[in-house]
Amino acid sequence: MEFILVTPQARPAVALIQLNRPKELNALNLQLMQEIRDALKALDEDDAVRVVVITGNERAFAAGADIKQMAGKTAIDMLITDQFSTWDQIRKFRKPLIGAVSGFALGGGCELAMTCDMLVASETAQFGQPEIRIGTMPGAGGTQRLTRAVGKAKAMEMVLTGEFISAQEARRVGLVNRVVPVGQYLEEAYRLAASIAAMSPVAARLAKESVNRSFETHLDEGLHFERKNFYLTFASEDQKEGMAAFVEKRKPEFKGR
């Protein structure tokens, strides 16, 4: 891996992916995105990993796509390159994924953050979709995920003006879960990850799948999907262990089976 650093056990059962193009403010080029995809695929298959945290550095989570890589492309070049197929594969990651964001999360960086299931932000974090300022628009989910996160009016304002929002405003409008001082954002993400890693990996995977389905279907179908996943948890050893531990007033020991 040239542009990311991967630590499979940054904390017990918690892996870390760190974007590592500091001179370019972690701008997202094709290779970096492919490395994220490949790392997530490997971590998805690693039973020792239950939660993944993805981060940049204090100055930038990711300041956007690598414009130099795209500036001279034609529409047909972009179609053939099909860079968004990599994003589609990242979106299919099955385990809980937490973004730890400090500094700039702009354009593709904001879109990458929004592929995460939860976001912890430092007080210096800034979120935005400024593509309109260079004559284009979001293409990796910015118009869709941002609207679902913050509502039509706020998303429309951000996409059509290119203006950024602060970490505190991002929390207020529902884009991030927690805002903490700069020196604490990664540790706070680890704390959140640890609380999830202590749960049943089977139930966590099915619950994530069900929450995501709520954005893709109408209520009746979503409820039907949720119910089937609920029933499926009763085929797991973790469900038996969890309920037995509750009855016996002890802490459960989930094994992901």
Side-chain angles (χ1 to χ4, degrees), residues 1-66 69 83-122 125 140-141 176-178 180 182-199 201-202 204-205 208-209 212 256:
M1 300 292 186
E2 183 179 354
F3 296 130
I4 67 172
L5 303 173
V6 181
T7 309
Q9 290 290 314
R11 295 290 187 277
V14 178
L16 177 68
I17 297 175
Q18 184 175 13
L19 310 188
N20 190 36
R21 296 187 75 200
K23 292 181 180 179
E24 296 81 11
L25 297 179
N26 294 326
L28 306 176
N29 63 15
L30 291 175
Q31 183 178 339
L32 186 150
M33 294 305 300
Q34 289 164 356
E35 289 181 6
I36 293 174
R37 175 200 63 196
D38 294 345
L40 287 175
K41 185 176 186 298
L43 294 171
D44 216 0
E45 297 170 354
D46 185 347
D47 289 342
V49 174
R50 296 186 176 186
V51 184
V52 174
V53 174
I54 184 167
T55 193
N57 54 48
E58 288 188 4
R59 191 179 178 195
F61 177 74
D66 192 331
Q69 198 172 60
Q83 67 193 59
F84 298 126
S85 62
T86 301
W87 290 75
D88 292 338
Q89 291 169 295
I90 289 171
R91 182 174 60 86
K92 294 176 182 178
F93 182 66
R94 295 174 296 174
K95 297 176 182 178
L97 181 62
I98 299 171
V101 179
S102 186
F104 299 117
L106 307 176
C110 187
E111 289 169 315
L112 180 60
M114 289 189 294
T115 64
C116 297
D117 302 308
M118 291 152 279
L119 291 175
V120 174
S122 82
V176 306
N177 298 74
R178 303 176 186 182
V180 297
V182 175
Q184 300 176 22
Y185 77 100
L186 186 54
E187 283 302 320
E188 185 67 18
Y190 282 142
R191 278 192 287 272
L192 179 58
S195 67
I196 297 168
M199 307 301 167
V202 175
R205 180 176 297 185
K208 168 178 172 169
E209 187 179 52
N212 283 336

Hey, does the side chain of [X] reach the backbone of [Y] with a donor-acceptor pair shorter than 3.5 angstrom?
X: E111; Y: A140; answer: yes
X: N177; Y: L119; answer: yes
X: Q9; Y: A48; answer: yes
X: D117; Y: L97; answer: yes

Nearest 0.5 angstrom please: [X] [atom1] to [Y] [atom2], how far?
X: L25; Y: L19; atom1: CG; atom2: CG; answer: 11.5 Å
X: L112; Y: I54; atom1: CG; atom2: CD1; answer: 4.5 Å
X: L28; Y: L106; atom1: CG; atom2: CG; answer: 10.5 Å
X: M1; Y: L32; atom1: CE; atom2: CG; answer: 10.0 Å
X: K92; Y: R37; atom1: NZ; atom2: CZ; answer: 12.0 Å
X: I36; Y: F93; atom1: CD1; atom2: CZ; answer: 12.0 Å

Can you name the side chain to side chain contact (heavy atoms under 4.5 Å, CB included) partners of [X], sequence neighbours left out?
X: N57; result: P22, N26, R59, A60
X: E2; result: Q31, E35
X: A204; result: P96

Looking at every heavy atom in both [X] and [Y], which two are closest together, and how far apart are they?
X: V53; Y: A193; value: CG2-CB, 4.0 Å
X: A189; Y: V120; value: CA-CG2, 4.0 Å
X: A197; Y: V51; value: N-CG2, 3.7 Å
X: Y185; Y: A100; value: CE1-O, 3.7 Å
X: K95; Y: L43; value: NZ-O, 2.8 Å
X: L16; Y: A10; value: CB-CB, 3.7 Å

I196 vs M118, side-chain contact (heavy atoms from CB on, under 4.5 Å): CA-CA, chis, key distance, verdict: CA-CA 11 Å; I196 297 168; M118 291 152 279; 3.5 Å; yes
Applying side-chain hydrogen bond (donor to acceptor under 3.5 Å, both in side chains), can you list everything that pairs with [X], at least two apart in sequence or on another chain?
X: S102; value: S122, T124
X: D44; value: R94
X: R91; value: none

Go through the steps for R205 and E209 under the test salt bridge (charged side-chain N to carboxylate O under 4.0 Å, His left out), then give the verdict. CA-CA 6 Å; R205 180 176 297 185; E209 187 179 52; over 6 Å; no
